[in-house]
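Data first, discussion second: the structure below is written as structure tokens.
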Amino acid sequence: MPEQADDGHVLEFRLPDLGEGLADGDLVSWAVAVGDRVELNQTIAEVETAKAVVALPSPFSGIVVELLAQPGDTVPVGAPLIRVRNDLEVAAPPTAESVSRNDVLVGYGPEAESTSRRRRTAPAAMAASTPSTHRAAATPAARKLAKELDIDLWYVAGSGPEGAVTVEDVRAAVPVTTPRTPARNGEAALAPHTRVTETDGGLIEPTAREERTPISGVRKRTAAAMQASSRTIPQASTFVTVDCTASMELLDHLRTTKSFEGLTLTPLALVAKATLAAIAEHPAINAAWDEANQEIVTKHYVNLGIAVAAERGLLVPNLKEAQALSLRELCREITYSAETARSGNATPADLRGGTFTITNVGVFGVDSGVPLVNPGEGAILCLGSIRKRPWVFRDELAIRWVTTLGLSFDHRMIDGELGARFLATTASFLEDPLTLLSRV
């Protein structure tokens, strides 16, 4: 929130409470510099939290006097970020309840143009010779790559949301050839952890043998959550191998129908539908452990999390009230959530409040896995690769589509019987998907 400083009309902007119970955020980048003029609601910085990267809009206009944090710093909520000599035009922050899905920051103004369901444009070419008049925002991965390649982001035109520089933009700005530095008297000054490779021309090239990546943002908070999961949740796992030939045949048929025209119908959508049907039969699997009150909280709604491997790390957007969605709606929402997470446009609201999660390791060619339960949930389902394998079908050896489902669960509130029954029910729906569709 803006606060009046001692120096006349110089106002101080502090990192606001994002409304998600988060104590801090990592400053990713500044979009302004000292001496720049900022306008009301202009993006001044990007901050990464455990939930998402959010753009901070300025609540006032004026001239930037001082930047109080550096990119990479972890800034506590309420700590000062920037000082601006104010033009006496201060925004009235809306309440958290009034913020829509497309708002950039809870408690502050929305983006000038919604970024949801918007596809990225093709990467733009490097600017001709002069930098832009405003420092452009860039994704964390783009800034990291630009630093490695010694590319000045001032000279790179961005193709991401609101002109943000993406990894593709940085790669497009790399010169075709990079001159090598000849060795002096057979020696070269090398950074630690490098090796020297001699080329045909007698030149040397330092090659990094190690790379150190600062742990921040999603990666840092994912690590903390997984550490808490393994330390505080006594977990157990169970597995089942499923003949899902009938499901694959059903998907092939549905893709040819008008109802699914234009949709990307994958086995994950059908697995999600089977999972929701199994939760309806075994509602105790959709629960959370309340340590403070020593209670088991059974949820009679399902916010279904879908794990997504994004550029920033593992994100788990969830589909709100997924128990009410049809297969067609699940197909559409899963695709949209995954695209939004990978593009960096997932909001904190998209990523919070999950009650049950599905992770699909099969897309990486892996048969199975033992995932860790997300803190605040009771179980997580793992979908392995779906392959054609020899299988005994009707007392004869046949080639069938087969997969392995794994379930990890919180053993404090879910015993082995419940976990096994739930997993067997999910498998039965995939073996005979017509019984699943009859529940729609």
Minimum side-chain heavy-atom gap Ile380-Phe409 below 4.5 Å: no

SG on Cys244 to CD on Glu249, rounded to 0.5 Å: 10.0 Å

Check against side-chain contact (heavy atoms from CB on, under 4.5 Å), Thr298 and Asn286: CA-CA 6 Å; Thr298 302; Asn286 187 48; 5.8 Å; no

Glu329 (side chain) donor-acceptor with Ser326 (main chain) under 3.5 angstrom: yes

Any Val402 side-chain heavy atom under 4.5 Å of Thr241 side chain: yes

pair Pro234-Asp410: side-chain heavy atoms closer than 4.5 Å: yes

Beyond-backbone contact of Ser337 with Leu319, side-chain heavy atoms, under 4.5 angstrom: yes

Minimum heavy-atom distance between Val271 and Leu383, given as atom pair plus value: CG2-CD2, 3.9 Å

Heavy-atom donor-acceptor pair, Asn41 side chain to Pro57 backbone, under 3.5 Å: no

Result of checking Val361, Leu405, Thr404 against Cys382 for side-chain contact (heavy atoms from CB on, under 4.5 Å): Val361

Modelled atom types, side-chain donor and acceptor of Arg400 and Thr245, under 3.5 Å: yes

For Glu291, all residues meeting salt bridge (Lys or Arg N to Asp or Glu O under 4.0 Å), sequence neighbours excluded: Arg412

Criterion side-chain contact (heavy atoms from CB on, under 4.5 Å) on Leu304 and Leu325, from CA distance to verdict: CA-CA 11 Å; Leu304 185 64; Leu325 300 178; over 6 Å; no

Under 3.5 Å: donor-acceptor pair, side chain of Asn360, backbone of Gly362: yes

Leu436 side chain reached by Leu270 side chain, heavy atoms, under 4.5 Å: yes

Approximate separation, where rounding is to 0.5 Å, of Glu321 CD and Thr355 OG1: 9.0 Å

Stepwise side-chain contact (heavy atoms from CB on, under 4.5 Å) check, Leu254 with Leu265: CA-CA 8 Å; Leu254 292 177; Leu265 181 58; 3.6 Å; yes

Phe356 ring center within less than 6.0 Å of Phe422 ring center: yes

Under 3.5 Å donor-acceptor, Gln235 side chain and Leu372 backbone: no

Over all atoms of both residues, closest heavy-atom pair of Phe260 and Arg328: CE2-CA, 3.7 Å

Point-to-point distance, once rounded to the nearest 0.5 Å, from OG1 of Thr275 to CZ of Phe429: 10.0 Å

Value rounded to 0.5 Å, distance of CD1 in Ile279 from OH in Tyr301: 12.5 Å

Distance in Å, Leu418 CG paired with Asp415 CG, rounded so as to fall on 0.5 Å steps: 6.0 Å

Side chains of Asn345 and Thr340, donor plus acceptor under 3.5 Å: no

Pairwise side chain to side chain donor-acceptor pair (under 3.5 Å) hits with a residue in residues 387-399, at least two apart: Asp367-Arg387, Asp367-Arg389, Ser385-Arg387

Within-4.5 Å side-chain heavy-atom neighbours: Ile306 and Val316: no

Ser247 side-chain N/O to Leu430 backbone N/O, donor-acceptor pair under 3.5 Å: yes

Modelled atom types, side-chain donor and acceptor of Glu377 and Thr357, under 3.5 Å: yes

Derivation of the side-chain contact (heavy atoms from CB on, under 4.5 Å) call for Leu56 and Leu81: CA-CA 11 Å; Leu56 297 179; Leu81 277 177; 3.5 Å; yes

Smallest separation among heavy atoms of Pro267 and Ile386, with atom names: CB-CD1, 3.5 Å

Any donor-acceptor N or O pair under 3.5 Å, side chains Ser237, Ser408: yes

Pro80 and Phe13, any side-chain heavy atoms less than 4.5 Å apart: no

Where Leu40 and Pro59 come nearest, the two heavy atoms and their spacing: CD1-O, 3.3 Å

Arg255 side chain reached by His253 side chain, heavy atoms, under 4.5 Å: no

Closest non-hydrogen atom pair between Ala272 and Ile334, with its separation: CB-CD1, 4.1 Å

Closest heavy-atom pair and its distance - Ala341, Pro317: CB-CG, 4.2 Å

N/O donor-acceptor pair under 3.5 Å between Asp290 side chain and Ala292 backbone: yes

Backbone N/O of Asp350 and side chain of Thr347: donor-acceptor pair under 3.5 Å: yes

Reported CD-to-CG distance for the pair Gln323 and Leu330, which is rounded to 0.5 angstrom: 10.5 Å

Polar contact flag, side-chain donor to acceptor under 3.5 angstrom, Thr74-Asp26: yes

